[in-house]
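By convention in this document, chain letters (A, B, ...) are assigned in the order of the sequence lines, proteins followed by strands, and residues within each chain are numbered from 1.
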Amino acid sequence: MNETLQVLFSLFIFPGLFGMVALALLADWVDRKVYARVQQRVGPMYTGKAGILQPLADVIKLLSKEDITPGESSKFMFNFLPLAAFAAVMSAALLLPIGFLNAYNSFPGDLLIMLYLLGLPTIVYFLAGWHSHSYFGIFGGVRAVTQLFAYEVPFLLAVLTPALLTGSWQLSEISRLSASHPLYLLAHLLAFTVAILGLQAKLERVPFDIPEAETEIVGGPTTEYSGRKLAVLHLTHELMFVVGSATLASIFLGGFGSGLWQFPLFLVKTFAIIFILSLMRAAAARMRIDQLIEFSWKYLAPMSCLQFLFIIVLKVLEIA
Amino acid sequence: MKKSVIARIKEWARLNSLWVLHFNSGACNGCDIEILDALTPRYDVERFGIRLKASPRHADVLLASGPVNHQSAARLKRIYDQMPDPKIVIAVGTCACSGGVFRGCYNIHSGIDSAVPVDAYITGCPVKPEAIIDAVAKLINKVKAA
Ligand code: SF4
């Protein structure tokens, strides 16, 4: 009985649906506030205390608006894709090494499943743009996939470095081992940097918001989406923001420990990464797609290879 | 008549999260610059949850400037139709209200309301950003009262 309750708690409260959605909205608020402060503004102010309910208001408003399916689009795919992305990211959230559920679904290799699930939304963006049958959607979708080829390889290499260092492919193992060896963070600092940049590109945020570039292609893949479907896409994006940051926190920053400390540690570490990503968004301007590809293949990929070599040397010399 | 809880939550969300689309239907660009001014750090309309969106499908409010000429009338109508309900249209500038200095030209309609229904008119040539914010605030109060 107790076990059932624990599983239900994990599925629906934390790290399940409600907790994650709440955290996603909180992350959106933090992001907007940081962005505004850097620009000498104050950001959302009057919706709840210091505007903390602003993301919630946005989502409720989108949910209550008219839901348009353009006549030209392929109806089934157009309506189905946002849910697919949402489901993928929610499944990824359940794999995080935190909460009760971890005893059941943690297995060697779940790091790869996690990365795969976090990669799915990009494909969904591409398909969503394609199936909405508008020029801007198609351009955005194609850009999303082109961008995927630019950042995915360095990102994967960077994220697999801790796996190499700790000798495990299991998220909970990696975080346990790197928590007991704090110096590991120094050893893969370079990979951490590449991973942060890669995550920013995965999330399609400035300076890598090429697929959504609103000054060029309106809204990219989401151009034709409105109402409920846009709300789901928006939520998916914010969820990915949290889950991606939490993944990086668990493999680079030593995870969330165990017991009651998990939750505060989760908040502190995840939001530290979210803060870095928000600062980056505020400080940078958009790159062109060719600049991004050049940047990631000329600098990011060699950096992660170098990091790989460094770890191998450490391993061979039996320092780590 | 008392509104149900759900309706009140919906209204709260809607009024606190107005996403704005800006369309220039033949303005001299004076009003457009002032609209952008309203979004700069000095006025910071994001305080009220207002955000500039590029796609009509995402927008709640259409900020339209300019007197509407033969060419832009059809586009204005189309953008209006692309926006999901419930939607609000604000005519920004004297041109947008009545045609302004362009009124009577051979190719000019007389303002935004010759093409789409308008909820609020803001005069001024060009309008002040304060006037835009004031109009939005008044509009919010009007929707609340209704
Ligand atoms: S109202 Fe005046 S400033 Fe505004 S678009 Fe018309 S002519 Fe230009």
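- By the 4.0 Å N-to-carboxylate-O rule, B/Asp60 lies close enough to A/Lys61 to be salt-bridged with it.
- Judged by distance alone, with hydrogens and angles left aside, the side-chain atoms of A/Gln147 form a donor-acceptor pair with the main-chain N or O of A/Phe208 at under 3.5 Å.
- The aromatic ring centres of B/Phe23 and B/Tyr80 sit 6.0 Å or more apart.
- Geometric assessment of A/Lys202 against the ring of A/Tyr151 yields a negative cation-pi assignment under the 6.0 Å and 45° thresholds.
- Within 6.0 Å of OH in A/Tyr35 there are more than 12 heavy atoms belonging to other residues, nucleotides or ligands.
- If you tally non-hydrogen atom pairs under 4.5 Å between each of A/Met45, A/Gln39, A/Gln40 and chain B, the highest count goes to A/Met45.
- Proximity to chain A (any heavy atom under 4.5 Å) is restricted, for B/Gln82, to the backbone atoms N, CA, C and O.
- Using a 4.5 Å cut-off between heavy atoms, A/Ile217 does not touch chain B at all.
- Among the candidates B/Gly49, B/Pro84, B/Pro86, the residue making the largest number of heavy-atom pairs closer than 4.5 Å to chain A is B/Pro84.
- Both the backbone and the side chain of A/Ile60 come within less than 4.5 Å of a heavy atom of chain B.
- Of the two parts of A/Glu224, the backbone and the side chain both hold a non-hydrogen atom closer than 4.5 Å to a non-hydrogen atom of chain B.
- With chain B as partner, the option from A/Gly227, A/Ala36, A/Ser226 having the largest number of non-hydrogen pairs under 4.5 angstrom is A/Ser226.
- No other option in B/Arg14, B/Arg51, B/Lys10 has as many heavy-atom pairs under 4.5 Å with chain A as B/Arg51.
- Atom CZ of A/Arg228 has 12 or fewer heavy atoms from other residues, nucleotides or ligands within 6.0 Å.
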